[in-house]
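Below is one structure, written out as structure tokens; comments come after it.
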Amino acid sequence: IDEINEPHLTIKALGHQWYWSYEYTDYEDLGFDSYIIPTHDLTPGQFRLLEADHRMVIPTESPARVLISAEDVLHSWAVPALGIKADAVPGRLNQTTFIVNRPGVFYGQCSEICGANHSFIPIVVEAIPLEHLENWTSLL
């Protein structure tokens with residue numbers, strides 16, 4: 001029931017201490033690392049300990065699949081507002097699927113005790129309309 005056989009987008013999320021790497025497998029050479037923004041670099045309106053320098057961008061109203069694993073220790077890719085929590089385990093590939101119905105920015109954090117600074121691994125998912133996603137990918 002939880003699987004989408006033909007997702008419109010597949011993203012691989014790889015947990016590291018203390019950041020996430022994202023790879024858009026449907027696009028050639030589209031991948032980046034996502035680190036926490038230090039408190040002194042935040043702009044007004046950004047959330048402390050939740051904002052990342054690069055957001056995982058997905059299209060609205062399109063089925064998306066996220067393949068989740070870890071490079072070093074146990075992590076957990078959790079975005080409560082989307083109802084998603086999946087363990088990231090070294091040597092194992094987990095997946096979660098979801099559809100976001102409206103544009104917005106959704107925040108989460110690693111919810112596994114993966115080290116001293118595990119709560120400093122933010123997850124930021126930005127949902128935008130599909131036509132804007134194509135423009136975003138051309139900018140990277």
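Placement of V66 and L14 in two distinct hydrophobic clusters is found when ILVMFWY residues are connected by side-chain heavy-atom separations under 4.5 Å, directly or transitively. Two different hydrophobic clusters hold Y35 and L42 under the rule that ILVMFWY side chains link at heavy-atom gaps under 4.5 Å. Cluster membership for I128 and Y24, using ILVMFWY side-chain heavy atoms within less than 4.5 angstrom, is shared. Follow the hydrophobic side-chain contacts under 4.5 Å out from W18 and you never reach I37; the two are in separate clusters.
With sequence neighbours left out, the side chain to side chain contact (heavy atoms under 4.5 Å, CB included) criterion links R102 to F106. Checked against side chain to side chain donor-acceptor pair (under 3.5 Å), D72 has the following partners two or more places apart in sequence or in another chain: H75. E71 meets the salt bridge (Lys or Arg N to Asp or Glu O under 4.0 Å) test with no other residue; sequence neighbours excluded. With sequence neighbours excluded, the residues forming a salt bridge (Lys or Arg N to Asp or Glu O under 4.0 Å) with E126 are R55, listed by chain and number. Scored by the side chain to side chain contact (heavy atoms under 4.5 Å, CB included) test, D29 finds no partners at all (sequence neighbours excluded).
At least one side-chain heavy atom of I58 sits under 4.5 Å from a side-chain heavy atom of V125. Looking at heavy atoms from C-beta onward, H54 lies out of side-chain contact with D33 at the 4.5 angstrom threshold. Residues N94 and L67 have side chains not in contact (no heavy-atom distance under 4.5 Å, counting atoms from C-beta outward). Contact check for T60 versus P103: side-chain heavy atoms found under the 4.5 Å cut-off.
For P80 against G108, the heavy-atom pair with the smallest separation is CD-CA, 4.1 Å. Contact detail for F98 and M56: the closest heavy-atom pair is CZ-CE, 4.2 Å.
In this structure, the separation between CG on L130 and CG on L9 is 9.5 Å, given to the nearest 0.5 Å. For the atom pair T39 OG1 and E51 CD, the distance stands at 12.0 Å (nearest 0.5 Å). Separation of atoms OG1 (T25) and CG (L30) is listed at 9.5 Å; rounding is to 0.5 Å. Atom CG of D26 and atom NE2 of H8 lie 10.5 Å apart (nearest 0.5 Å). With rounding to the nearest 0.5 angstrom, the CG atom of L74 is 9.0 Å from the SG atom of C110.
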Carefully, step by step, assess I36 and I121 under the rule side-chain contact (heavy atoms from CB on, under 4.5 Å). CA-CA 6 Å; I36 190 169; I121 309 175; over 6 Å; no
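S69 places no side-chain N or O within 3.5 Å of a backbone atom of A88 that could act as its donor or acceptor partner. Checking side-chain atoms of N101 against main-chain N and O of E61 turns up no donor-acceptor pair under 3.5 Å. Looking only at distances, a side-chain donor or acceptor of Q109 sits under 3.5 Å from a matching main-chain atom of L49.
Apart from V105 itself, the hydrophobic cluster it occupies contains F47, L50, Y107, V124, where clustering links Ile, Leu, Val, Met, Phe, Trp and Tyr at side-chain heavy-atom distances under 4.5 Å.
A donor-acceptor contact closer than 3.5 angstrom links the side chains of T10 and R65.
If you run side-chain contact (heavy atoms from CB on, under 4.5 Å) between I123 and each of I84, L82, V79, only V79 comes through.
The aromatic rings of W20 and W77 stand perpendicular to each other, their planes meeting at an angle above 60°, with 30° marking the opposite boundary. Classified by interplanar angle (parallel below 30°, tilted 30° to 60°, perpendicular above 60°), the ring pair Y19/H16 is parallel.
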